[in-house]
Amino acid sequence: MNIEITLPDESVRTYEKAITGEEIAFDIGPKLGKDAVAIEINRKLYDTSYVITENASIKILTKKDIQSLSILRHSSAHLLAQAVLNLYPGTLYGVGPDIEDGFYYDFLFKENISDADLPKIEKEMLKLSKANQLFVKSIQKKPDAMDLFKNQQFKMELIDSADESEGVEDSEVSLYSNNEFIDLCRGPHVPNTGFIKHFKLTRLGGAYWRGDENNSQLQRIYGTSWFNKEDLEQFLTRRVEAEKRDHRKLGKQLELFTTADELGPGQFLWKPNGALLRNTIENYSKKAHINNGYDFVNTPHIGRSVLWETSGHLEHYEEGMYPPLQSKDNDDKYYLKPMNCPFHILIYKSELRSYKELPIRLFELGSVYRFEKTGVLHGLLRARGFTQDDAHIFCTFDQINSEVNNLLRFSIALLKSFGFKNIEADLSTKPKKAIGNDEDWNIATRSLEVALEDEGIDFVTAEGEGAFYGPKIDLHVKDAIGRRWQLSTIQIDFAQPDNFDLEYVSTQNSKDRPVMIHRALLGSIERFTGILIEHYAGEFPSWLAPTQLKILTIGDVSDYVKNITAKLSGVRFEIDDRNIRLGEKIHDAKKQNIPLTLIIGEKDLSNNTGSLNILNSESKNNLDIVSLVDFIIDDVAEPEFEF
RNA sequence: GCCGGAGUAGCUCAGUGGUAGAGCAACGCACUUGUAAUGCGUAGGUCAGGGGUUCAACUCCCCUCUCCGGCUCCA
């Protein structure tokens, strides 16, 4: 019996008997044999040691293939567990998958370890790596596996709940061992531990067993692993870069915002520089909304409890709301608003609405307060008090598609204006805990899908991730160093119009129910500003910079400078006329990331010149002052809104 | 909320039981300055807050608050 093996280039090799992936690789070439990480057989991944017994299409994976990195990292997690069990006998081990950029493994140590222990574990891993231990797969009956792991409660739990999705029969589990270390695992793995050379343990943190906060708390060790030294180093450099961009650090350095213990956690004070930045963002967004059919409204910060009972927030999110305020007049309770929608609904309801008015788009920069758990707070990115660029669109059923299409275009245009060019979408469907009937959910979900298709936007579906009242589209952007941030959200809602008994008079003179679309495009202004700070590493484009231009003087040039500044209307500038050396003034301006620095000295008076330093670009020295002023005016202009 | 770490001058940080230190910033004086920090001087701290141990606590112990890294959560 011959076995025909088809390679990716369609060529066929024939073997007389069963053969392993490794043997095929070596047969193709010794280099490939040595580099083989895993093998893809009929589009499924296997170890190179897998024995092929029938005709198949295969591909030998090497470090050049993307999937190989996940395999390497998964194997690295095993190596980590092996090292930990060597060093800390009696440790219980949980799960250890590969993740983006690396891997982790969860442990329950007899005594908690600390960051200081990581280098020791790393050293042990290196030792094991050098031993070139083979990863060997075996299939065991569940009772036998139970016996093997009889002192490992987490593994026993995993064996107990393992099913066919693990790639073996229901009564069996798949195991991997290298030397004395054995772990429950679906695989595949790299051929031996020698493949795992360039790794680093990056972090130690807590994690609940099986991600459930009712379960015991394990210690999770994070690591990263690569095929090449350069890749590892590049990754570590990127982490340092990300740290430098931390908006909390830059916010302090650039005097954008501050906090105070007396305020309480999750709340921020915007200093003049930050307020300038924030106002620039807000004003740009406001202008775009004014030009695109939104009506501006303003609403208060608190409302009677009945409002939140009607909306369902009290039922669904009471834990996440600040506790109520007690009225002094009567028994009424008031809640700080966690969302703006009920207030906008009240505005809608304040008049009898006609189909002729729809769609009605109510916009507000609305400040909301959510009682986030202390552990989740993270600078501006996750605050308790924040301001949404929030709007609610009330429209007829037939208007949904055009509204959502429009919104998608509008939102993408807005995000692009702020420098985010790379935008992706998620479509989130009905969650377990939801209100409204399935039919409405399907219609709403379908109309979001149609809009995404109409606009030609690629999206992934996030099952069960919708809001409790409706499905949503979330837009994500990639920042300058490739991190993904969720910004815009567009949500269709049939439930709230029902809850609040919203109506409009139709062409037939009947009272019909409008549909609501909730949408926030920048999301929270605080969060958006934080993301912008990290995206630009605190070096904002001129139109966003709090101070756009700094004029540095040498000697007495005050009249000349006065003439220049008279032409700079609309430019946010400062004059540094301290009697100190120019070098120091430049140093200070640079430290504040001022995009433009105009240097004016006495010798410019007779020549009508100036010198302009441009952040991260070549300076323009001793040029005609009129052309420099033109350049400045042009450079600080806000981007066109391309919609 | 849970696991772990941290909190010292406005900022960045040193200080392992004997009454607290540096650099930058601030303030004063001198220097009058052409592309990344001029020199000298002055002032500044209930060592997060509270309690305890000790002859003596920034230092050791307990509680609280806040921050950081994770987990969980995110309308």
Side-chain angles (χ1 to χ4, degrees), chain A residues 104 106 108-109 112-117 202-222 243 246 248-249 252-253 255 258-266 308 311-321 337-342 368 370-379 381-384 388 390 428 431 433-435 465-470 472 486 489 491 493 495-496 518 520 523-524 527 552-557 577-591 597 599-604 610-613 619 621-622:
Chain A
Y104 69 78
D106 288 345
L108 186 60
F109 291 89
N112 277 335
I113 61 162
S114 75
D115 287 303
D117 293 296
T202 49
R203 218 160 246 158
L204 181 66
Y208 297 106
W209 168 237
R210 298 202 143 177
D212 186 338
E213 60 183 321
N214 301 312
N215 288 344
S216 50
Q217 178 85 216
L218 312 179
Q219 279 193 298
R220 175 172 294 178
I221 300 176
Y222 285 91
E243 249 168 68
D246 192 317
R248 294 166 298 189
K249 197 175 141 177
K252 204 182 266 181
Q253 245 169 51
E255 297 177 328
T258 187
T259 53
D261 283 2
E262 296 90 320
L263 260 186
W308 311 105
S311 71
H313 285 99
L314 269 177
E315 190 189 334
H316 288 264
Y317 286 102
E318 188 172 12
E319 288 298 300
M321 292 168 67
K337 67 174 169 185
M339 290 201 83
N340 300 301
C341 40
V368 296
R370 298 180 181 177
F371 198 82
E372 305 282 7
K373 291 179 186 173
T374 49
V376 306
L377 298 173
H378 186 90
L381 302 185
R382 193 82 181 269
R384 283 188 172 167
Q388 294 177 311
D390 204 3
S428 300
K433 209 178 164 192
I435 54 179
E465 296 293 315
F468 71 86
Y469 47 73
K472 59 177 182 173
Q486 192 225 302
T489 183
Q491 311 173 346
D493 182 1
Q496 295 296 6
H518 306 241
S524 133
R527 189 177 125 87
L552 314 183
T553 63
I554 308 157
D556 182 12
V557 291
D577 56 4
R578 291 175 295 170
N579 287 326
I580 54 172
R581 284 168 182 73
L582 179 62
E584 192 171 347
K585 296 190 187 191
I586 288 171
H587 172 82
D588 288 347
K590 183 78 192 168
K591 213 171 58 184
T597 316
I599 297 156
I600 301 294
E602 280 165 356
K603 77 179 186 197
D604 290 308
S611 296
L612 188 68
N613 288 358
S619 53
N621 291 328
N622 307 312

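The structure presented is a predicted model; accordingly, all values stated were derived computationally and were not measured.
Stem analysis of RNA chain B (at least three stacked-register Watson-Crick or G-U pairs, each with both distances under 3.5 Å) gives B:1-7 with B:65-71, B:10-13 with B:21-24, B:26-30 with B:38-42, B:48-52 with B:60-64.
Contact annotation for Arg370(A): base contact, defined as any heavy-atom pair under 4.0 Å involving a base atom. Glu602(A) comes within 4.0 angstrom of a nucleotide base, judged by non-hydrogen atoms across all strands. Within the 4.0 angstrom heavy-atom criterion, no nucleotide atom of any strand lies near Asp212(A). Here Gly601(A) lies in heavy-atom contact (under 4.0 Å) with a base. Counting non-hydrogen atoms under 4.0 angstrom, Pro338(A) reaches a base of the nucleic acid. Contact annotation for His518(A): no contact, since no heavy-atom pair falls under 4.0 Å across all strands. At the heavy-atom level, His316(A) lies nowhere under 4.0 Å from the strands shown. Among the atoms of the strands shown, only primed sugar atoms or phosphate atoms (P, OP1, OP2) are found under 4.0 Å from some heavy atom of Lys252(A). Among the heavy atoms of the strands lying under 4.0 Å from Gly320(A) is at least one base atom, whether or not backbone atoms are also near.
Inter-residue side-chain proximity for Asn622(A) and Lys603(A) is flagged as met; some heavy-atom pair is nearer than 4.5 Å. Side-chain contact between Ile586(A) and Ile599(A): present, with at least one pair of heavy atoms (C-beta onward) separated by less than 4.5 Å. Side-chain contact check for Lys252(A) versus Thr258(A): every heavy-atom pair is 4.5 Å or farther apart.
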For nucleotides 58-63 of chain B, list the nitrogen or oxygen atoms of the protein found under 3.5 Å from its nitrogen or oxygen atoms, one pair per line.
none

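Using the six-membered ring where Trp is involved, Trp308(A) and His313(A) have ring planes that are perpendicular, over 60° apart on the 30 and 60° scheme.
Contact annotation: Arg248(A) reaches the phosphate of G69(B) (side-chain N/O to OP1 or OP2, under 4.0 Å). Applying the 4.0 Å criterion to OP1 and OP2 of G69(B), one finds that Arg203(A) has every side-chain N and O outside that range. Regarding contacts with the backbone of G69(B), every side-chain N or O of Tyr104(A) stays at 4.0 angstrom or more from both OP1 and OP2. Proximity of His378(A) to the phosphate of G69(B): a side-chain N or O atom is located under 4.0 Å from OP1 or OP2.
Rounded to whole Å, the separation between the C1' atoms of A56(B) and A20(B) comes to 16 Å. G7(B) and C62(B): their P atoms are spaced 16 Å apart (whole Å).
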Nucleotides 2-8 of chain B: protein proximity per nucleotide (B base, S sugar-phosphate only, - neither; heavy atom, under 4.0 Å): BBS----
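For the pair Asp212(A) and Arg210(A), the salt-bridge criterion is not met [side-chain N within less than 4.0 Å of a carboxylate O].
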